[in-house]
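For reference, the structure discussed in these notes is given below.
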Amino acid sequence: MSQVTFRIWRGEGKEGEFKEYKTEITEGMVVLDAVHQIQAESAGDMAVRWNCKAGKCGSCSAEVNGMPKLMCMTRMNTLPQDKPITIEPIKAFPRIKDLVTDVSWNFDVKKRIKKFKPRPPDAPDGTWRMQQEDIDRPQEFRKCIECFLCQDVCHVLRDHHMHESFIGPRFLIYTAALEMHPLDTENRAKDLKDEFGIGLCNITKCCTKVCPENITITDNGIIPLKERVVDEFFDPVNKLLRIFKPNS
Amino acid sequence: MAVKQDRLVQIGFMETGRRDSWWLPPVLTFAGYTAFIVYTTWAALQNANYWDGNLLSPFYSPELFGKSPHAIFGPEPSWWPNAIFPYSPALLILAFPAGFRMTCYYYRGAYYKAFWADPPGCAVGEPRKTYWGERTFPLIIQNIHRYFMYAAVAFIFLLSYDIYVSMKFPDGFGISLGTLILATNVVLIGSYTFGCHSFRHIAGGVLDRISRASVRKKVYDCSSCLNRRHMLFAWVSMFTVMFCDIYTRLCAMGVWTNWRIL
């Protein structure tokens, strides 16, 4: 058992400051345990969003020592404890209170993406047939728990605040899951280019690095979507081929 | 719908709470790319010591016009404006592999960080407030990457032919250390090229029902396998191609001899 110092962001809206708390850390604790302990011992009014404590609900996103992480999946023994451990709210979204941010923008973005539009059923009973190897790619993206750590670390949202013109990595892979689905017939390439701002992604792969579900966001999701946009809008040979073979 | 900008936190240049050595990868990338660009530019402009007998430096391959026995169409063209820009066979071909690497998705992400601090590191503040991304000129040009990829695939075959030539000695077949170095380079450049995101897309990524194209599925799977190590192959092949040139150059200069093994 050892006593560890934490610096936790306290405040409402943009106004606030880091406050120091000390608490005893025991074996097996995660950062969220420590935050709960501090809440119980010395900061009963501290706001923190959490739910499952198992890395599946995506609620307890925060920046621990400057890196976007799920507090419930960050074990204390992985952090250097010789200096205070800093915990602050994610920065790509407006702060509400303490560690809680307003992520409702994300839910509005999701509504703008064209919905799943399956081809006509394959069988008379109204069902479809798919091969597992066709569905493997969208399934990787379905692991997303919507913790929005990828949105937080993306510099287009975090530093440039381009929420109006860029939907962020979370919704690019949501779009990829729909676009690559073997049953889907919708085309979202124009939206990706014009409304969702895929051209704003400059492939720094920070989103992939922070994903707690280890989704290969950039290589398997965003870049393949960029290539689909190139197919439709930037590849003259492909355009020419489509004149002769419109359904390709 | 909209996020009120005044409710968001402004992050200053280099502002971060990170305590790890986040600056090390961009610094190493900057140093590595700068070394490669400086050396390649110098080597490409030399127009000397780029071949030694049956060995040809990959920076000069294919040699379209030049003074070596490897030149396909004979000596350097008379129309070349030598007074303005001295001729070198590398100048005719180097734009293709250079363009392939410059527009490569991996390199782009790495040099935006290392050379343009956009961002300097993940969760590290940027120096600029404005941002255009790859949506407008000039970076919208990055979308031609697949055309450079087509050229890069052709270069794999051309470099493979150089391995074959390197095994032709005056007294018949042979294998030298140079042959092995050229072959290693082709394997690594091939691993980099065939793991390219554009190649992977065209091979099968474009298909939503890839199970109906079994050959393309196999090619896609192989490309995906290489793609998982794309960064590694990008770096290693960059150094092997440079080393091939250094090896050939030092052989040509007589500093060392191309050791014949067989």
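First the proteins, then the strands, lettered A, B, ... as listed; each starts at 1. Excluded from the calculations below are hydrogen atoms, water molecules and symmetry mates; all remaining heavy atoms, backbone and side chain alike, are included.
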ask   = What part of A/M162 lies closer than 4.5 angstrom to a heavy atom of chain B: side chain, backbone, both or neither?
value = side chain
query = Tell me, side chain or backbone of A/P89 under 4.5 Å from chain B's heavy atoms, or both, or neither?
reply = neither
Best-contacting candidate, A/G13, A/P94, A/P80, A/P224, against chain B by heavy atom pairs under 4.5 angstrom = A/P94
request  = Check whether A/V237 gets within reach of chain B through its side chain, its backbone, both or neither, counting any heavy atom under 4.5 Å.
outcome  = both
note = Pair count under 4.5 Å, heavy atoms only, with chain B: among A/E179, A/H160, A/H181, highest is A/H160
task = Before accepting this row, confirm whether a basic side-chain N of the pair A/R129/A/D122 lies closer than 4.0 Å to the acidic partner's carboxylate O.
result = no
task = Please flag which part of B/K129 lies under 4.5 Å from any non-hydrogen atom of chain A: side chain, backbone, both or neither.
result = backbone
inquiry  = Does any backbone or side-chain atom of B/Y220 lie under 4.5 Å from a heavy atom of chain A? Answer side chain, backbone, both or neither.
reply    = side chain
request  = Determine, for A/D184 against A/K117, whether the closest basic-nitrogen to carboxylate-oxygen distance falls under 4.0 angstrom.
outcome  = no
message = Closer than 4.0 angstrom, basic N to acidic O: yes or no for A/E88 and A/K91?
response = yes
inquiry  = Between the side chains of B/D208 and B/R212, is the shortest nitrogen-to-carboxylate-oxygen separation below 4.0 Å, so that they form an ion pair?
reply    = no
task = Go through the atoms of A/P68 and report whether side chain, backbone, both or neither lie under 4.5 Å from a heavy atom of chain B.
result = side chain
Ring center gap for B/Y33 and B/F36 short of 6.0 angstrom = no
note = Residue from A/C154, A/P84, A/G197, A/S104 scoring the most non-hydrogen pairs under 4.5 Å with chain B is A/P84
message = Measuring centre to centre across the rings, with the benzene-like ring taken for any Trp, is B/F155 within less than 6.0 Å of B/F100?
response = no
ask   = Relative to chain A, which segment of B/N143 carries a heavy atom at a distance below 4.5 Å: side chain, backbone, both, or neither?
value = both
note = Answer key: most heavy-atom pairs under 4.5 Å with chain B among A/R119, A/Q131, A/Q132 is A/R119
key: Aromatic ring proximity B/F30/B/F115, centre distance under 6.0 Å   = yes
task = Heavy atoms only, distances under 4.5 angstrom: which of B/E15, B/Q142, B/R200 has the most pairs with chain A? Name it, please.
result = B/R200
inquiry  = Only pairs of heavy atoms separated by less than 4.5 Å count here; which of B/S211, B/G205, B/S224 has the most with chain A?
reply    = B/S211
message = Between A/R112 and A/D108, does any side-chain N to carboxylate O distance fall below 4.0 Å?
response = no
query = Side chain, backbone, both or neither: which part of B/D20 has a heavy atom under 4.5 Å from chain A?
reply = neither
key: Top contributor to chain A interface from B/D118, B/I202, B/L139, B/L207 [non-hydrogen pairs under 4.5 Å]   = B/D118
key: Salt-bridge criterion met for A/K226 and B/E134 (N-O under 4.0 Å)   = yes
inquiry  = Heavy-atom pairs under 4.5 Å with chain A - which of B/G125, B/P119, B/G133, B/G109 has more of them than the others?
reply    = B/P119
inquiry  = Can you tell whether the side chains of A/D231 and B/R146 come within less than 4.0 Å, N to carboxylate O?
reply    = yes
message = Is B/W22 in contact with chain A via its backbone, its side chain, both, or neither, using a 4.5 Å heavy-atom distance?
response = neither
Portion of B/T136 that has a non-hydrogen atom of chain A nearer than 4.5 angstrom = neither
query = B/H145 and ring pair (Phe, Tyr, Trp, His ring centres under 6.0 Å): which partner among B/Y105, B/Y106, B/F199, B/Y150?
reply = B/Y105
message = Less than 4.5 Å to any heavy atom of chain A: does that hold for the side chain of B/R128, its backbone, both, or neither?
response = backbone
message = Can you tell me which of A/K193, A/E63, A/R137, A/K111 forms the most heavy-atom pairs within a distance under 4.5 Å of chain B?
response = A/R137
Within 45° cone of B/Y192 ring axis and under 6.0 Å: B/R101 NZ or CZ = yes
message = Let's test your reading of the model: do B/C104 and B/C196 have SG atoms under 2.5 angstrom apart?
response = no
key: Segment of B/Y112 engaging chain A (4.5 angstrom heavy-atom cut-off)   = side chain
